Amino acid sequence: MKAFVYEAVDPSGRKVRGEVEALDPTSLTRTLEQRGLLVLAVETSAPSRPRPRFGFGFRARREVLEVTRALASLLPAGLPLARALAAASNVATGRVATALESVRDRVEHGETLAAALSYHPDLFSPVYLGLVRAGEKSSDLSGAFARLSHQLERDEQMRAKLLSASVYPLLLAILGGLAILVLLVYVIPRFAELLEGTGAILPRSTAVVLSVSTTVRSLWPLFAAAPVLIALFVAWTRTNAQGQRAWTSLLLRLPLIANFVRQRLAGQFARMMGTLVSGGATLVSALDDTVESLADPVARDETVRVRDRVREGSALNRALEEGTLFPGLLAQLIAVGEQSSNLAQFLLKAADIFEEKTERTVQRLVTVLEPMMIVLFGGIVAVVALALLQAIYGINAGTFR
């Protein structure tokens with residue numbers, strides 16, 4: 001007996017989902033139909049797997065890319081999957097090599113490659129698993145790895161561009177923040193002792209600066225714990241579904257960031273759908289795999305809604321138009337693809353467009369952010385310096401009266 005997850009429609013027209021044990025999908029479908037249910041889908045229930053860890057290093061990511069390239073070269077040559085995995089493991093080290101040995105062992109014992117890879121979610125992303133699953137369903141695993149290799153290379157290039165664009169603003173923020181903190185915690189209190197020792201009445205601007213300095217000094221444990229709290233928050237948003245949902249929902253409410261998030265999610269959706277459809281998957285099957293492959297919970301929820309509308313008979317472009325998450329351009333491009341019977345090509349084209357838009361948006365944000373941060377930190381230093389100079393000038397002026 002195996003555990004299966006099913007989705008069906010009851011006599012009242014309401015969709016129901018459940019998990020039961022049966023000998024095989026056929027017997028389960030027959031049993032559910034005897035109960036008056038219209039079965040829509042039956043899938044093997046995935047066993048519990050380890051939770052993904054918080055990211056993984058650059059070296060492991062590069063090794064996964066090299067392994068994917070190797071498999072994309074070995075499988076078209078007719079090499080059996082188990083032997084191809086053994087050969088590809090030669091380009092990996094450490095935990096990537098260990099994971100590949102585990103995957104090969106599971107494949108030799110009858111598990112599908114996608115199921116075996118899913119036991120290592122910290123190395124193989126949901127998109128990776130989805131493309132492998134689609135390749136297995138379409139009997140084109142070599143083509144799936146070729147597309148995966150291309151996609152991982154694009155992701156690595158995008159990641160490198162984003163990193164290079166964000167290094168300077170990040171360093172500027174850290175150094176500027178530390179400079180302001182040292183100014184408020186160490187420098188200003190020294191001036192405060194000198195100014196208070198004169199007994200003179202301090203200008204209002206100087207009193208405000210000294211008050212801010214006193215407040216910051218009293219809250220120094222909070223500032224010391226801030227990096228730890230930020231790291232924990234980022235880990236929560238990356239490894240917890242509720243955290244990811246809350247973070248994406250927050251970003252979608254920010255005026256300057258919302259378009260960037262929508263473009264990024266639209267690019268992921270279009271890339272996944274285009275790759276699956278071009279690999280021979282039907283539209284509903286591609287939507288099913290995309291639901292399982294998207295990492296963002298908000299994007300998954302929207303894709304589930306789109307999938308349900310398509311199952312009810314709606315065109316894909318109309319189902320997308322009814323939502324608010326993806327930009328309208330995605331639905332327009334898909335409409336052209338459906339009308340020309342070339343949906344896969346237009347989905348991949350849409351992915352290219354939104355990925356380019358995402359890159360340009362990041363570059364614009366960085367370009368605007370750098371001068372804003374310089375003006376902000378410079379303004380703070382100028383305000384503090386003017387306040388202190390005003391107090392010193394007032395004291396010196398008073399000595400000549």
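Just so we're clear, the structure is a prediction, and the values are computed from it rather than from any experiment.
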Here the gap from F269 atom CZ to D296 atom CG, rounded to the nearest 0.5 Å, amounts to 13.5 Å
L320 versus A331, closest heavy-atom pair with distance
CB-CB, 4.1 Å
Closest approach of L71 and A84, non-hydrogen atoms and distance?
CD2-O, 3.6 Å
Within this structure, what is the OG-CZ distance for the pair S341 and F346, rounded to the nearest 0.5 Å?
11.0 Å
Do L333 and K349 pass the side chain to side chain contact (heavy atoms under 4.5 Å, CB included) test, and can you show the C-alpha distance, the side-chain angles, and the key distance before you say yes or no?
CA-CA 8 Å; L333 291 172; K349 182 62 178 178; 5.6 Å; no
Flag, side chain of S211 to backbone of A207, donor-acceptor distance under 3.5 Å:
no
Which class fits the ring pair H120 and F124: parallel under 30°, tilted 30 to 60°, perpendicular over 60°?
perpendicular
Give a yes or no on whether the backbone of L294 and the side-chain of R300 come within a donor-acceptor separation of less than 3.5 Å.
yes
Could you report the tightest heavy-atom contact between Q263 and T361, atom names first, then the distance?
OE1-OG1, 3.1 Å
Is a side-chain N or O of N90 found less than 3.5 angstrom from the main chain of A87, in a donor-acceptor match?
yes
Heavy-atom nearest pair, R309 first then A319, reads CB-CB, 3.8 Å
Ion pair check, D288 and R311, cut-off under 4.0 Å
yes
Looking at T248 and Q244, would you say the former's side chain and the latter's main chain have a donor-acceptor pair under 3.5 Å?
yes
I want to check something: taking the side chain as every heavy atom from C-beta on, are L113 and L85 in contact at a cut-off of under 4.5 Å?
yes
T68 vs Y128, side chain to side chain contact (heavy atoms under 4.5 Å, CB included): CA-CA, chis, key distance, verdict
CA-CA 10 Å; T68 305; Y128 197 106; 2.8 Å; yes
Tell me, yes or no, whether the heavy-atom count around R83 atom CZ, taken from other residues, nucleotides or ligands under 6.0 Å, exceeds 12.
no
Between I353 and K357, does the side chain to side chain contact (heavy atoms under 4.5 Å, CB included) criterion hold? Intermediate values first, please.
CA-CA 6 Å; I353 291 174; K357 282 179 172 288; 3.9 Å; yes
Non-hydrogen side-chain atoms of L325 and V261 separated by less than 4.5 Å:
no
Donor-acceptor pair, side chain of S218 and main chain of T215, under 3.5 angstrom
yes
Do M273 and L283 touch side chain to side chain, with heavy atoms closer than 4.5 Å?
yes
Is a side-chain donor or acceptor of S249 paired with a backbone partner of A246 at a separation under 3.5 angstrom?
no
Is any side-chain heavy atom of M272 closer than 4.5 Å to one of L347?
no
To the nearest 0.5 Å, how far apart are CZ in R307 and CG in L316?
13.0 Å
What distance do E108 atom CD and L81 atom CG have between them, rounded to the nearest 0.5 Å?
9.5 Å
Determine yes or no for a side-chain-to-main-chain donor-acceptor pair under 3.5 angstrom, with S102 supplying the side chain and T98 the backbone.
no
Given 3.5 Å as the limit, does a donor-acceptor pair link the side chain of Q345 with the main chain of G337, or not?
no
Would a distance-only check, ignoring hydrogens and angles, find a side-chain to backbone donor-acceptor pair under 3.5 Å from H109 to D105?
yes
So which atom in L100 and which in S89 form the shortest heavy-atom distance, rounded to 0.1 Å?
CD1-CA, 3.6 Å
Any donor-acceptor N or O pair under 3.5 Å, side chains E338, N317
yes
Those residues that, when tested against F354, pass ring-ring contact (aromatic ring centres under 6.0 Å, His included) (two or more places apart):
none
About how many Å separate CG of L254 and CG of N259, when rounded to the nearest 0.5 Å?
11.5 Å
Tell me whether E321 is salt-bridged to R318, with the criterion being a basic N under 4.0 Å from an acidic carboxylate O.
no
What closest approach, in Å, do R106 and A116 show between heavy atoms, and which atom pair accounts for it?
CB-CB, 3.8 Å
From L129 CG over to L117 CG, what is the distance, rounded to the nearest 0.5 angstrom?
6.0 Å
A side-chain contact here means heavy atoms from C-beta on lying under 4.5 Å apart; do R104 and E101 qualify?
yes
Residue pairs meeting salt bridge (charged side-chain N to carboxylate O under 4.0 Å, His left out), one or both in residues 239-268, sequence neighbours left out, come to R245-D301
Checking V107 against E111 for the side chain to side chain contact (heavy atoms under 4.5 Å, CB included) test, could you report, in this order, the C-alpha distance in whole Å, the side-chain angles of both residues, the deciding distance, and whether it holds?
CA-CA 5 Å; V107 168; E111 287 196 40; 5.8 Å; no
Side chain proximity check, Q268 to E355, heavy atoms < 4.5 angstrom:
no
Check whether any side-chain N or O of T303 sits under 3.5 Å from a backbone N or O of A299 as a donor-acceptor pair, and report yes or no.
yes
